[in-house]
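Heads up, the thing below is written out as structure tokens.
What you see is a predicted model; the values in this text were computed from it and never measured. Chain identifiers are assigned alphabetically (A, B, ...) following the order of the sequence lines, protein sequences preceding nucleic acid strands; residue numbering begins at 1 within each chain.
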Amino acid sequence: MAKKFYVTTPIYYPNDIPHIGHAYTTIAADILARWHKIKGDEVFFLTGTDDHGKKIAQAAEKAGKTPKRFTDDLIPKFKNAWKKLNIEYDRFIRTTDKDHEKIVSEVLQKVYDKGDIYKGVYEGFYCTGCEAYYTEKDLVDGKCPVHKTKAEKLKEESYFFKLSKYQKPLLKFYKENPDFISPKKRKQEIINRVKEGLRDLSISRANFDWGIPLPFDKKHVCYVWFDALFNYYSATRQKGKEKFWPADVHLIGKDISWFHCVYWPAFLISAGIKCPEKVFSHGWWTFDKEKISKSRGRVINVDELISIAGVDSARYFLLRATPFGDDGDFSKEALIKRHNGELANKLGNLILRVSALIEKNRIEKTENKLLRKLKVKQITEFIDNYQFDKALSDIFSFIDVCNEYVQNKKLWETKDKKVLFELKESILKIADLLWPFIPESSEKIKKQFSAKKIKKGEILFKKIKWKP
RNA sequence: AGCGAGGUGGAGCAGUCUGGAGUGCUCGUCGGGCCCAUAACCCGGAGGUCGCGUGGUUCAAAUCCCGCCCUCGCUACCA
């Protein structure tokens, strides 16, 4: 029987422009999904948007639209970005989807009945200019960081989730599931903070209505995290999808690891639902060594990312340049260097020279000794352990071996049919392994090299001229 | 301040968990080869006291332990 594999990205905030950060998580999820498809697993890959919340309601009002209409208009931006990046997700969920709203409502009731939700008072510092609450530490000398006006301390009725009650169950859960928080370096960070104690969490608001109403008090709507996190679960309550829960991995940016590693399992334990297998937090990209900042224009959006060297090169670069989980630096120069040096000079060149030689000569079936030098087992292990950079490094080492092989065997003189066969088969294997990373190019290579008559093809990766 | 991560030839990394000659990779640089191929490919060289203490453990430390310096990240209702 086929194994199941369920991978998710966070649900993104629809008012954003899809940028390198969104793309990174989503590409990684796509790679994992494709990888498991190759292995023959039954795969479910979920992404989507978080449509609720006060900020959206306000932005919609400004635009003169209903919140629903406003978000409807924003969704294509994300769907198009994923299409351009060759992301093959199975479902695009929105927190406004009816099935999701129904599940959240049911779970809220369940957790309420259990006694884990109580009515309390939320205190915060309110800035009229922002029409938003700040925590004390956000304020600068008691003033709003944006408007520099004095923030008012306000109290508001709110429902709270008894997070404090789950400190011990969470610590127990982490102990019993040592790989739940990944990579390792995030684990101790989270555990130490949980050990310091947990405060109950406000999960409702009564001063706006763009959200899911609490089933036991319709004056309140569910506040962001409770609503948003459950998307991962509600997507599996559809007919035929039940078997996918619990998720095999939630891919997230390290900024939201606290919510996924603490709130999320606490909610699930309370609701009596199984917890996901793993939450993997990847690192952040800086841009030319500077922190990405929207206000200073230091952000790479998806269109820019693709325009530099194409989709496959962008996908390749993001996963090759930095260990998944560490921070990385993005620059146009670094991307072009990888594109030229690795995809064009090594892989592209190999494809071209071998296809040209085969076109002019013939191949003859033989035992493939060359292929033994490809460390398939090692590469498999790397990908299964989210070490994409190392997997790619090993695949490209084998490409080097192939280029050496052509050279050492002086193929253009000997025209050895058996050696050409070995190369052909090896290239097909390389294409298979690279498919999750660079699907478009991989499919072209496979088509070219499995044809009856192999011909010298188009250049796959054109070199890009670059002057720093 | 607390917690976490990192400091390896000119640049970027791997190697550290499970100690074994400073090993490896990419870029750059110098020299050679080849001409099938995208001025691509292949071979070889130069270049590092592996942040510091000339600290501890050990036959042996980039790797384990201690101290210090520097850089970066996280510190909760903010998606």
| request: Looking at every strand, decide which applies to N403(A) at a 4.0 Å heavy-atom threshold: base, sugar-phosphate, or nothing. | output: sugar-phosphate

| request: Between C35(B), C42(B), A40(B), spot the one nearest the side chain of D400(A), thanks. | output: C42(B)

| task | Could you measure between the two C1' atoms, the one in A11(B) and the one in G48(B), and give it in whole Å? | result | 14 Å

| field | Options C36(B), A14(B), A40(B), nucleotide nearest the side-chain atoms of V406(A) | value | C36(B)

| Between U26(B) and G9(B), how far is it from one C1' atom to the other, in whole Å? | 14 Å

| message | If I take atom CD1 in residue I256(A) and atom C1' in nucleotide U75(B), what distance separates them, rounded to the nearest angstrom? | response | 17 Å

| task | Assess the side chains of S202(A) and S158(A): does a donor N or O sit below 3.5 Å from an acceptor N or O? | result | yes

| query | What orientation do W225(A) and H260(A) show, parallel under 30°, tilted 30 to 60°, or perpendicular over 60°? | reply | perpendicular

| said: Which nucleotide wins on minimum distance to the side chain of K346(A), given the candidates C34(B), C41(B), A79(B)? | reply: C41(B)

| said: Using the P atom as the point on both nucleotides, what is the distance between A60(B) and A1(B), in whole Å? | reply: 38 Å

| field | From U75(B), C36(B), A37(B), nucleotide with atom closest to L357(A) side chain | value | C36(B)

| field | Over 12 foreign heavy atoms within 6.0 Å of NZ, K77(A) | value | yes

| So which nucleotide from A79(B), U38(B), C36(B) ends up closest to the side chain of Q407(A)? | C36(B)

| query | Counting only side-chain N and O atoms of K390(A), is one of them less than 4.0 Å from OP1 or OP2 of G15(B)? | reply | yes

| Out of C35(B), U26(B), U38(B), whichever nucleotide has its closest atom nearest the side chain of E342(A) | U26(B)

| message | Applying a 4.0 Å non-hydrogen cut-off, can you work out what L411(A) is touching in the nucleic acid: base, sugar-phosphate, or nothing? | response | nothing

| query | Out of C36(B), C77(B), U26(B), which has the shortest distance to the side chain of W412(A)? | reply | C36(B)

| task | Taking the six-membered ring of F396(A) (Phe, Tyr or Trp), confirm whether the NZ or CZ of K346(A) is under 6.0 Å from its centre and within 45° of its axis. | result | no

| message | Taking the minimum atom-to-atom distance to the side chain of F461(A), which one of C36(B), A40(B), U38(B) wins? | response | U38(B)

| request: Output yes when K65(A) and D73(A) qualify as a salt bridge under the 4.0 Å nitrogen-oxygen rule, no when they do not. | output: yes

| remark: With the side chain defined as heavy atoms from C-beta on, Y263(A) is closest, among C77(B), A79(B), C36(B), to C77(B)

| field | Distance, P atom - from C50(B) to A62(B), rounded to whole angstrom | value | 7 Å

| How close or far is atom P of U38(B) from atom NZ of K463(A), stated in whole angstroms? | 11 Å

| query | OP1 or OP2 of U38(B) sitting under 4.0 Å from any side-chain N/O of K456(A)? | reply | yes

| query | OP1, OP2 of U26(B) versus side-chain N and O of K337(A): anything below 4.0 Å? | reply | no

| field | Out of C43(B), C77(B), C36(B), whichever nucleotide has its closest atom nearest the side chain of R199(A) | value | C77(B)

